[in-house]
2 protein chains.
Amino acid sequence: MKRRSTPTKEAVIAVLNASTRAMSQEAIEQKIEIEIDRATVYRALNQFCTDGIIHKIVADDGKQYFAVCKKCDVEALPDNHFHFRCTKCHTIECLSSLINFSLPKAYAVEKFNCVLVGTCGNCA
Amino acid sequence: MKRRSTPTKEAVIAVLNASTRAMSQEAIEQKIEIEIDRATVYRALNQFCTDGIIHKIVADDGKQYFAVCKKCDVEALPDNHFHFRCTKCHTIECLSSLINFSLPKAYAVEKFNCVLVGTCGNCA
DNA sequence: TTATTATTGCGATTATGTTGCAATAATACA
DNA sequence: TGTATTATTGCAACATAATCGCAATAATAA
Ligand SMILES: [Mn+2]
Ligand SMILES: [Mn+2]
Ligand SMILES: [Zn+2]
Ligand SMILES: [Zn+2]
């Protein structure tokens, strides 16, 4: 499907680009000046995911978080890094440390969803 | 709170003990002979988690999975291992490989929620 | 300027999990 | 054994996160 540039999509990606953290739909909506419907934000986010512009993390709080994560595009597999969720300031960030793992024979990994949970440096 | 032994709780833990995989509430309910309400199953599962008998994984499909995971009780931190979710047979299993990670200064990890997603040996 | 169709807002819907409450039943103990 | 205590249960209602259908709107190409 062909893509169109719209104020909504520009606003969403602008917020993510300006953030050092992964953000939930709710957090994104709060940062955006204009009013955008929840469903529309999700549609934009899912589209960006499909297009490989951002990636999605599902955290242990059951929510989806989205991040641009500029560092990880050199990796063979997408999202091959840990994330850290701070239970105090309720943020998620992409860590630079790559994921080391070993698998039983014949297992094949396609993607990662790895979150470390605790207290971040700011909140320590 | 004092615990009581009931047919429901026995059934739930029996299913998990008999399984090599982590299971969702839905999967557990299907394995149990008797009819048990959804809320009751969740209450049993949450109680077992509180008591440290089982542990919970939130996968990238947004669902909670529960497993006994006998291997991990020697670890300092709970749940310090990867999980593997097979997108073909819709199961999650605890892997034996421990999680190696490095953190920025002053960060403190309290728990893990790490899932590798792909195709398992059976489905390869 | 016009036609095409991607995008949007809105409401409804799905999916997963939790909670309040009265009825039930497991346990302790007289 | 019989009784009191209260953990547990089933049911319905609720909560939250995310998706979907559809008609209206607007970005793009011709
Ligand atoms: Mn990331
Ligand atoms: Mn496990
Ligand atoms: Zn923090
Ligand atoms: Zn499989």
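In what follows, chains are A, B, ... by sequence order, proteins preceding strands, each numbered from 1. For clarity, every value in this text was computed on a predicted model and none was experimentally measured.
- Residue A/Gln47 has no polar side-chain atom (N or O) positioned under 4.0 Å from OP1 or OP2 of C/dA6.
- Look at CD1 on A/Ile13: it is 14 Å from P on C/dT7, rounded to the nearest Å.
- Regarding B/Gln25, its CD atom lies at a distance of 12 Å from the P atom of D/dG10, rounded to whole Å.
- In this entry the distance linking CZ of B/Arg4 with P of C/dA28 reads 9 Å, nearest Å.
- One can place CZ of A/Arg38 at 13 Å from P of C/dG9, the figure rounded to the nearest angstrom.
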- [ ] Give the C-alpha distance, both sets of side-chain angles, the deciding distance and a yes or no for salt bridge (Lys or Arg N to Asp or Glu O under 4.0 Å) between A/Asp60 and B/Lys111.
- [x] CA-CA 10 Å; A/Asp60 59 312; B/Lys111 56 180 177 174; 3.6 Å; yes

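- Taking atom CG of residue A/Asp37 and atom P of nucleotide D/dT19, one finds them 13 Å apart after rounding to whole Å.
- Residue B/Thr40 is in base contact, counting any heavy-atom pair closer than 4.0 Å across all strands shown.
- Between the CD1 atom of B/Ile34 and the P atom of D/dT9 there is a distance of 9 Å, rounded to whole Å.
- The residue A/Ser5 sits close only to the backbone: its heavy atoms come under 4.0 Å of sugar-phosphate atoms, none of a base.
- Annotation: ring pair (Phe, Tyr, Trp, His ring centres under 6.0 Å) contacts of A/Phe84 (sequence neighbours excluded): B/Tyr107.
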Listing, residues 31-48 of chain A side-chain donor-acceptor contacts under 3.5 Å, not counting sequence neighbours, or none:
residue: A/Asp37; atom: OD2; partner: A/Ala39; partner atom: N; Å: 3.0
residue: A/Asn46; atom: ND2; partner: A/Tyr42; partner atom: O; Å: 3.3
residue: A/Gln47; atom: OE1; partner: A/Lys9; partner atom: NZ; Å: 2.5

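- Remark: A/Ser97 OG to A/His83 NE2 distance equals 10.0 Å, nearest 0.5 Å.
- Relative to the side chain of B/Tyr42, the nucleotides C/dT8, C/dA25, C/dT18 differ in distance, and C/dT18 lies closest.
- Minimum atom distance to the side chain of A/Ala39 is reached by D/dC20, of the listed D/dC20, C/dT5, C/dT18.
- Taking atom OH of B/Tyr65 as the reference point, atom C1' of C/dT16 lies 11 Å away to the nearest angstrom.
- With DNA chain C read from its 5' end, the first of the two nearest nucleotides for B/Lys2 and B/Lys63 is the one closest to B/Lys63.
- Within 4.0 Å (heavy atoms only), B/Ser24 reaches no atom of the nucleic acid at all.
- Residues B/Val15 and B/Ile54 share a single hydrophobic cluster, defined by chaining ILVMFWY side chains whose heavy atoms lie under 4.5 Å apart.
- Both B/Arg43 and A/Thr6 sit near DNA chain C, but only A/Thr6 has its closest nucleotide nearer the 5' end.
- Across D/dT8, C/dG17, C/dT5, the shortest atom-to-atom separation from the side chain of B/Gln64 is found for C/dG17.
- Heavy atoms of A/Arg3 sit under 4.0 angstrom from primed sugar atoms or phosphate atoms, though from no base atom.
- Atom CG in B/Asn46 sits roughly 13 Å away from atom P in D/dT8 (whole-Å rounding).
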